[in-house]
Amino acid sequence: QVQLAESGGGLVQAGGSLRLSCAGPGRTFWLAMGWFRQAPGKEREFVAAITLIGGNTYYADSVKGRFTISRDQAKDTLYLQMNSAKPEDTAVYYCAACTDAVTTISITREYKYNYWGQGTQVTVSS
């Protein structure tokens with residue numbers, strides 16, 4: 001069974017930085033990978049995504065300019081660099097991978113992703 005494993009979550013002060021990692025199984029058949037997050041009492045929401053062909057990146061407006069998504073193909077590892085963290089960034093962060101073709105709209109949608117990690121908690125203190 002294909003597994004994605006997130007790491008790097010933790011507690012950070014507002015204005016600080018954190019880097020999340022998501023290790024894949026070493027295969028390279030993904031067409032897109034992304035990060036989603038779910039805060040307490042809220043629905044899971046899109047954070048950022050990257051296409052594996054072309055390396056196009058997409059961000060939610062709430063994180064644009066503060067977060068950076070990237071991927072190391074050789075390591076099959078996805079990253080999310082979180083800078084200028086805010087208390088409203090507090091959530092469980094999930095990485096996800098997609099094996100189907102995506103569009104600029106569908107890449108931000110949960111239903112396109114057929115592989116998910118277990119999540120890692122990020123807490124930003126004020």
Side-chain angles (χ1 to χ4, degrees):
Q1 184 175 357
V2 176
Q3 292 184 332
L4 299 173
E6 303 99 334
S7 62
L11 177 65
V12 62
Q13 289 187 335
S17 297
L18 206 61
R19 188 176 81 157
L20 306 183
S21 300
C22 173
R27 306 175 190 181
T28 57
F29 56 81
W30 316 125
L31 293 185
M33 297 187 77
W35 289 97
F36 290 76
R37 67 186 182 186
Q38 186 168 22
K42 296 186 177 180
E43 294 185 352
R44 190 155 56 184
E45 64 177 3
F46 169 76
V47 175
I50 185 168
T51 60
L52 271 60
I53 298 175
N56 298 312
T57 57
Y58 304 84
Y59 297 94
D61 289 342
S62 59
V63 306
K64 201 171 296 183
R66 300 188 298 120
F67 291 10
T68 302
I69 189 171
S70 62
R71 183 175 180 267
D72 185 326
Q73 182 174 345
K75 296 181 179 179
D76 194 17
T77 299
L78 183 72
Y79 301 99
L80 184 68
Q81 178 66 44
M82 305 171 58
N83 296 330
S84 303
K86 301 177 179 180
E88 50 263 44
D89 294 324
T90 296
V92 176
Y93 283 71
Y94 299 90
C95 74
C98 167
T99 56
D100 296 329
V102 294
T103 66
T104 55
I105 298 299
S106 67
I107 198 172
T108 68
R109 302 292 192 259
E110 285 187 55
Y111 72 85
K112 287 299 295 185
Y113 295 84
N114 41 350
Y115 296 95
W116 290 82
Q118 294 299 309
T120 185
Q121 176 70 47
V122 172
T123 302
V124 183
S125 63
S126 57

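The first residue of the sequence shown is numbered 1, and numbering continues consecutively from there. Below, all heavy atoms of this structure are taken into account, side chains as well, without hydrogens, waters or symmetry copies. Owing to the predicted nature of the structure, the values given are computational and were not obtained by experimental measurement.
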Quick one: ring-ring contact (aromatic ring centres under 6.0 Å, His included) partners of Y115, sequence neighbours excluded?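 Here the qualifying residues are W30.
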
Taking ring-ring contact (aromatic ring centres under 6.0 Å, His included) as the definition, give me every residue that meets it alongside Y79, ordered by chain and number, with sequence neighbours left out.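 Scan of Y79 (ring-ring contact (aromatic ring centres under 6.0 Å, His included), adjacent residues dropped) gives none.
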
Given 3.5 Å as the limit, does a donor-acceptor pair link the side chain of S62 with the main chain of A60, or not? no

Hey, is the main chain of T123 close enough, under 3.5 Å, to the side chain of T90 for a donor-acceptor pair?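 It does not hold such a pair.
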
Partners meeting side-chain contact (heavy atoms from CB on, under 4.5 Å) with T103 (sequence neighbours left out): I105, S106

Residues in side-chain contact (heavy atoms from CB on, under 4.5 Å) with A39, at least two apart?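 With neighbours one apart ignored, the set is K42, A91.
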
Not counting sequence neighbours, list each pair that qualifies as a disulfide (SG to SG under 2.5 Å) and has a residue in residues 70-118. C22-C95

May I ask you to test the [X]-[Y] pair for a side-chain heavy-atom distance under 4.5 Å?
X: R71; Y: L52; answer: yes
X: L78; Y: I50; answer: yes
X: S17; Y: V12; answer: no
X: L31; Y: T51; answer: no
X: V47; Y: Y93; answer: yes
X: M82; Y: L20; answer: yes

To the nearest 0.5 Å, atom CG of L4 lies from atom CE of M33 at 5.5 Å

State the CG-CZ distance between L80 and F67, to the nearest 0.5 angstrom. 6.0 Å

Salt bridge (Lys or Arg N to Asp or Glu O under 4.0 Å) contacts touching residues 88-97 (sequence neighbours left out): R37-D89, R66-D89

If a pair satisfies salt bridge (Lys or Arg N to Asp or Glu O under 4.0 Å) and one of its residues is in residues 95-113, list it, with sequence neighbours excluded. R44-E110

Which residues pass the side-chain hydrogen bond (donor to acceptor under 3.5 Å, both in side chains) test with [X], not counting sequence neighbours?
X: T99; answer: N114
X: S7; answer: none
X: D72; answer: none
X: T68; answer: none

Minimal non-hydrogen separation, T104 against T108, with atom names: O-CG2, 4.1 Å

Provide the closest heavy-atom pair for A14 versus S126 in the form atom of the first, atom of the second, distance.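 Closest heavy-atom pair between A14 and S126: CB-CA, 4.3 Å.
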
More than 12 heavy atoms of other groups within 6.0 Å of E45 CD: yes

Mind checking who shares a hydrophobic cluster with W116, ILVMFWY linked at side-chain heavy-atom distances under 4.5 Å? F36, F46, Y58, V92, Y94, V102, I107, Y113

